[in-house]
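One structure is given below, encoded as structure tokens.
Throughout, a chain's letter reflects where its sequence line sits, starting with A, and its residues are numbered from 1. Computed over heavy atoms, backbone and side chain alike; hydrogens, waters and symmetry mates excluded.
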There are 2 protein chains.
Amino acid sequence: MTIRKMVNRRSIADAARAIIEVNGIDALSMRTLAAALDIKAPSLYDHVKNREEVIALVQSEWLRDFGAGFEAAGKSPSEKIHFYRDWALRNPNLYPVVFQQHLHRDLLPEGLELQILGIVVEAAGGSHLRARALWAQLHGLVDLELHGRLPDDADMEATWREVIRGVEAAIKSTE
Amino acid sequence: MTIRKMVNRRSIADAARAIIEVNGIDALSMRTLAAALDIKAPSLYDHVKNREEVIALVQSEWLRDFGAGFEAAGKSPSEKIHFYRDWALRNPNLYPVVFQQHLHRDLLPEGLELQILGIVVEAAGGSHLRARALWAQLHGLVDLELHGRLPDDADMEATWREVIRGVEAAIKSTE
DNA sequence: ACCTGAACACCGTTCAAGT
DNA sequence: ACCTGAACACCGTTCAAGT
């Protein structure tokens with residue numbers, strides 16, 4: 001006689017995260033998710049509104065994880081940038097879910113988005129404008145790298161160093 | 001008596017592009033695509049290998065379109081950057097297909113990828129390294145903008161000006 | 001409240017059959 | 001060569017029914 005673990009929004013989010021992490025977001029179906037929780041697909045709808053909301057829960061859970069690590073990473077621009085890249089490459093299936101879906105702000109812990117934005121602003125030397133330009137660069141480079149869109153012979157280490165150099169130069173120029 | 005237009009790889013690509021353009025890539029199913037061409041879904045497989053290949057055809061068609069426009073755009077970094085942004089925002093449903101899918105290089109016109117890369121290198125003042133950093137920034141900013149991931153009050157015009165300023169400063173610093 | 005089986009309207013793809 | 005209907009193994013979601 002096996003006992004089934006309690007099913008609630010948290011356990012659903014955890015099971016969904018595990019599926020996405022291993023097999024990508026396309027592998028997340030309401031049926032596979034239900035199976036992982038030992039119930040049938042229609043039962044999920046007693047806990048969540050729809051598949052969209054399941055994804056939003058994972059997004060929220062992992063944005064919190066990212067935020068904590070980003071906050072804790074060394075405080076120089078270079079260290080923040082390295083953390084961003086490493087987090088993304090360590091979580092290739094989760095990254096697009098967290099940073100490339102519509103952000104369900106209503107399910108987010110209060111202030112989390114602002115906290116993360118604040119760290120980027122700090123790394124960019126205090127300018128909101130440069131912070132957005134920097135974030136775009138980090139996000140874009142990660143995305144191109146994850147999709148294998150850069151030429152095969154592209155030296156990614158050197159490219160990331162170039163990004164860091166650019167930010168440091170921009171900060172120095174306004175000091 | 002209605003006559004059906006000829007069905008071939010080109011007409012399939014055109015019909016697929018039209019569907020994606022209007023309703024996004026999720027709306028592209030083999031059944032809706034076949035219906036647009038006045039045939040049944042299984043018949044598509046006499047012309048293409050699978051849905052993946054249909055997408056690759058659209059990707060190839062539009063990368064060529066982008067490349068032609070990018071080439072023709074004014075030759076200053078600022079003008080190239082503006083063209084990139086405008087093209088993306090004018091084609092919000094096509095952009096991810098062209099720049100965020102695995103690139104099927106085997107279906108691409110010879111040299112097209114290198115041509116586009118060359119233009120970015122030129123806009124970046126000749127440095128391959130800075131070209132990748134720049135492309136990442138353009139791609140990332142467009143993606144964040146298309147996904148509405150930046151704060152509502154973010155001044156996008158100013159952010160793009162900041163990107164242009166950064167590139168110009170970087171070029172100047174190595175002249 | 002939580003779970004179920006059956007059903008609806010969809011998918012991509014295969015295949016035997018027609019012309 | 002090109003097209004078809006039928007089928008297979010999937011989807012997300014709804015709903016009446018059970019406890």
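- Taking a cutoff of 4.0 Å between a charged side-chain nitrogen and a carboxylate oxygen, A/Arg132 and B/Glu162 do not qualify as a salt bridge.
- Salt bridge B/Arg165/B/Glu168: absent, no basic N to carboxylate O contact under 4.0 Å.
- A/Glu61 and A/Arg10 are not joined by a salt bridge, as no carboxylate oxygen comes within less than 4.0 angstrom of a charged side-chain nitrogen.
- The residues A/Arg85 and A/Glu145 are annotated as salt-bridged, a charged nitrogen and a carboxylate oxygen being separated by less than 4.0 angstrom.
- For DNA chain C, the outermost nucleotides in 5' to 3' order that have an atom under 4.0 Å from a heavy atom of chain B are C/dC11 to C/dC15.
- A single hydrophobic cluster is not seen to contain both B/Leu134 and A/Leu129; linkage of ILVMFWY side chains at heavy-atom distances under 4.5 Å, directly or through other members, places them apart.
- For the residue pair B/Gln59 and B/Gln101, no side-chain donor N or O sits within less than 3.5 Å of a side-chain acceptor on the partner.
- Counting non-hydrogen atoms of other residues, nucleotides and ligands closer than 6.0 Å to NE2 of B/His47 gives a total above 12.
- Between A/Phe66 and A/Tyr95, the ring centre distance reaches or exceeds 6.0 Å.
- In DNA chain C, consecutive stretches of 3 or more Watson-Crick or G-U wobble pairs with both distances under 3.5 Å are given as paired ranges: C:4-8 with D:12-16, C:12-16 with D:4-8.
- Residues from residues 43-59 of chain A placing a heavy atom under 4.0 Å of any atom in DNA chain C, listed by number, are A/Ser43, A/Asp46, A/His47.
- Donor-acceptor pairing under 3.5 Å is lacking for the side chains of B/His102 and B/Glu52.
- Residue contacts for A/Leu28: at a heavy-atom cut-off of 4.0 Å it reaches the sugar-phosphate backbone alone, with no base atom in range.
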Stepwise, does the salt bridge (Lys or Arg N to Asp or Glu O under 4.0 Å) test hold for B/Glu53 with B/Arg9? CA-CA 10 Å; B/Glu53 195 179 45; B/Arg9 289 167 69 89; 3.4 Å; yes

